[in-house]
Amino acid sequence: MTLRIYNTLTHRKEIFAPLSPGRVRMYVCGPTVYDSSHIGHARSVVVFDVVARYFRACGYEVTYVRNFTDIDDKIINRARELGMDTVSLSEKYIQEFYKDMDALNVQRATLEPRATQHIDDIQKVIQTLMEKGLAYESGGDVFFRVSRFDGYGKLSGRKPEDMLAGARVEVDQRKENPMDFVLWKSAKPGEPFWDSPWGKGRPGWHIECSAMSSRFLGETFDIHGGGKDLIFPHHENEIAQSEGAFGKPFARYWIHNGFVNINKEKMSKSLGNFVIIKDVVKAYHPEAVRLFLLSNHYRSPIDFSDQNMQEAGNALEKLYAAVNRMDETLENCPEPSNPPEDDLWTRFCDAMDDDFNTAQGIGILFDGVRTLNRILDEQQGLLSEETRNLVCSYRRDILKIGGILGILSQAPAVYFEGKKTEGLEKKSLSADSIEKLINDRKQARINRNWAEADRIRKLLEDMNVILEDRPGGTLWKIKNS
RNA sequence: GGCGGCAUAGCCAAGUGGUAAGGCAGCGGCCUGCAAAGCCGUUAUCCAUCAGUUCGAAUCUGAUUGCCGCCUCCA
């Protein structure tokens, strides 16, 4: 197995080789907790959740750090607006974040530190930068001296002199150079603060990641991730801080996920098209949301729309139906003795090894489902030992792949029952009345009164209820949408 | 102005040198009392346009057009 990762730093896919054999240390920038998380956060978190799951499945021991930025201008402003203190505000949104992520079946990171828990670490890094002449104090704030750090711009591929600094934002007159950025920000009256050698204040945005990543992962570690928008200036600044302070290479592989558009438009506050996770998981099955988010390559943009979500929902249903079918066919599934050479799992891993190509991996998953359905279609009566073995191999692989993508985590029966309950609520129907009609139809069918049977079917269909006559009886489900 | 990305069927989307995965929708068929589900077949002589490299390109190179992102808080 050779995993190749597209490294933003080198603009190439590179063979992944961890710093310590068998271990992966990764750091992903988490949210600033001043508002509800949106579908864009979901993409980033789900993508890196899958990355971590895949590494673990490949046998690596993964240390995954994802931070919470819990002190920052936006938090201060929002808290003021709401008449809250910053601690309660950030706590509220951290809890909401967890709730959203649990709903999305996201596994917790190994460590989830908060900036405010590491003020000492942050100050130590700033102190080191001061000592090295890479930082300076000016008017109560401490700035990073970009001119003294060689290689500033290497991640984002831009040269300081090319950037029209201050073109869109007024340059802080206290900076020596427009590119310099704040490491420590002095507190204005009424703002939360921590004591420091430079006076009362709070950390700048970028420094927390340098401090916490070195604390938990070391000064050099394997993977650093986040949304594409963080490449500049956030990650560029992190590199400057960490490499400046520690004199060692910072993250070795940089992974950046693309944006989520809403109906082909950029999601932004001004357009008022923010899609919040808690609303999305109400409208669609959380695993459908994951399937949707993983249906494009992680670096490409993805378009959130009702149609795309609907399709993801249909796709998920098809997967559950296949698992359900296997479960009904097989009483139990022993570990397959000799799995096929080119099995699904191997093919899935090949896709994942190519820069976490989940879109291709999902294609392989469906390929497997079709093959499996074909096998089961062709089977009459009892399965031969050979077929049984094959089906078991498919079943195991499909669920294993589901385990990486974070889908198919429910028992099919639970999934379908849940869909029903939800559908009934949405359409304001009762299961009793539906089952009564199905029973009437059953009688009509026994009497070979096809006209009546079809009338009832049509009646139910108008109520968005779809029937499925199976050998064991009639199943029903609520039509999607 | 600088930097970067993308353009593949009706729609979504893989494929990045060896002759177009997969999903949704459509059509034909099998199955079914009829359906549904599932399966089979079919649906791009061709991958924005033009030129070039190559035995061979959607895949590499150059140009053109269109779209998008970043350079400001942002996943």
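Proteins come first, then strands; the chains are lettered A, B, ... in the order of their sequence lines, and each starts at number 1. For clarity, every value in this text was computed on a predicted model and none was experimentally measured. Note that these values count all heavy atoms, side chains included, but never hydrogens, waters or copies made by symmetry.
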*asked:* If I take atom CD1 in residue A/Ile364 and atom C1' in nucleotide B/rA13, what distance separates them, rounded to the nearest angstrom?
replied: 14 Å

*Between A/Asn357 (CG) and B/rG23 (C1'), how many Å, whole number?*
15 Å

*Whole-Å distance between B/rA37 P and A/Glu461 CD?*
11 Å

*What interatomic distance, in whole Å, is found between C1' of B/rA57 and the corresponding atom of B/rA20?*
13 Å

*asked:* Quick check on side-chain hydrogen bond (donor to acceptor under 3.5 Å, both in side chains): which of A/Glu378, A/Lys318, A/Arg325 does A/Asn373 satisfy it with?
replied: A/Arg325

*Complement of B/rG33, any strand, by Watson-Crick or G-U distances under 3.5 angstrom*: none

*Separation of A/Arg158 atom CZ from B/rG5 atom C1', in whole Å?*
13 Å

*Looking only at atom P, what distance separates B/rC6 and B/rC60, rounded to whole Å?*
10 Å

*Atom P, compared across B/rA58 and B/rA21: separation rounded to whole Å*: 14 Å

*asked:* In whole Å, I'd like the distance from the CD atom of A/Gln307 to the C1' atom of B/rC11.
replied: 6 Å

*For B/rG38, does either OP1 or OP2 sit under 4.0 Å from a side-chain N or O belonging to A/Arg374?*
no

*For the residue pair A/His235 and A/His224, does the interplanar ring angle fall in the parallel (under 30°), tilted (30 to 60°) or perpendicular (over 60°) class?*
perpendicular

*Looking only at side-chain atoms of A/Glu468, point me to the closest of B/rA36, B/rG23, B/rA75.*
B/rA36

_Within 6.0 angstrom of A/Ile15 CD1, more than 12 heavy atoms from elsewhere_ = no

*Face-on cation placement of A/Lys74 at A/Tyr34 ring, 6.0 Å and 45° thresholds*: yes

*Closest nucleotide among B/rC39, B/rA75, B/rG15 to the A/Gln360 side chain*: B/rG15

*Given atom CZ of A/Phe259 and atom P of B/rG69, what is their separation to the nearest angstrom?*
9 Å

*If we take the P atom in both B/rC12 and B/rC50, what is their distance in whole Å?*
23 Å

*Ignoring hydrogens and angles, does a donor from either the side chain of A/Glu311 or the base of B/rG23 sit under 3.5 Å from an acceptor on the other?*
yes

*Tell me which of A/Ser300 and A/Met267 sits closer to the 5' end of RNA chain B, going by the nucleotide each one is nearest to.*
A/Ser300

*asked:* Heavy atoms from C-beta onward define the side chain here; which of B/rC39, B/rA75, B/rG22 lies closest to that of A/Asp367?
replied: B/rG22

*Is the distance from OP1 or OP2 of B/rC39 to the nearest side-chain N or O of A/Asn373 less than 4.0 Å?*
yes

_With rounding to the closest Å, how many angstrom separate the P atoms on B/rA35 and B/rG41?_
22 Å

*Give a yes/no on whether any side-chain N or O of A/Lys264 is located under 4.0 angstrom from OP1 or OP2 of B/rC12.*
yes

*Nearest of B/rC12, B/rC40, B/rA13 to any side-chain atom of A/Ala359?*
B/rA13

*Can a side chain N or O of A/Arg370 be found less than 4.0 Å away from OP1 or OP2 on B/rG22?*
yes

*Looking at the side chain of A/Ala315, which of B/rC71, B/rA75, B/rG23 is the nearest nucleotide?*
B/rG23

*Only one of A/Asp141, A/Asp72, A/Asp73 passes salt bridge (charged side-chain N to carboxylate O under 4.0 Å, His left out) with A/Arg202; say which it is.*
A/Asp73

*Could you state the atom-to-atom distance from CG of A/Leu291 to C1' of B/rC12 in whole Å?*
12 Å

_Protein-nucleotide distance (A/Arg347, atom CZ; B/rG22, atom C1'), rounded to Å_ = 10 Å

Nucleotide N/O of nucleotides 29-33 of chain B paired with protein N/O under 3.5 Å:
residue: B/rG33; atom: O6; partner: A/Arg441; partner atom: NH2; Å: 3.2
residue: B/rG33; atom: O6; partner: A/Arg445; partner atom: NE; Å: 3.1
residue: B/rG33; atom: N1; partner: A/Asp454; partner atom: OD1; Å: 2.9
residue: B/rG33; atom: N2; partner: A/Asp454; partner atom: OD1; Å: 3.0
residue: B/rG33; atom: N2; partner: A/Asp454; partner atom: OD2; Å: 2.4

*Nearest to the side chain of A/Asp377 - B/rG15, B/rG38, B/rG69?*
B/rG38

*asked:* Can you identify which nucleotide, out of B/rC73, B/rC24, B/rA75, has its nearest atom closest to the A/Leu230 side chain?
replied: B/rA75

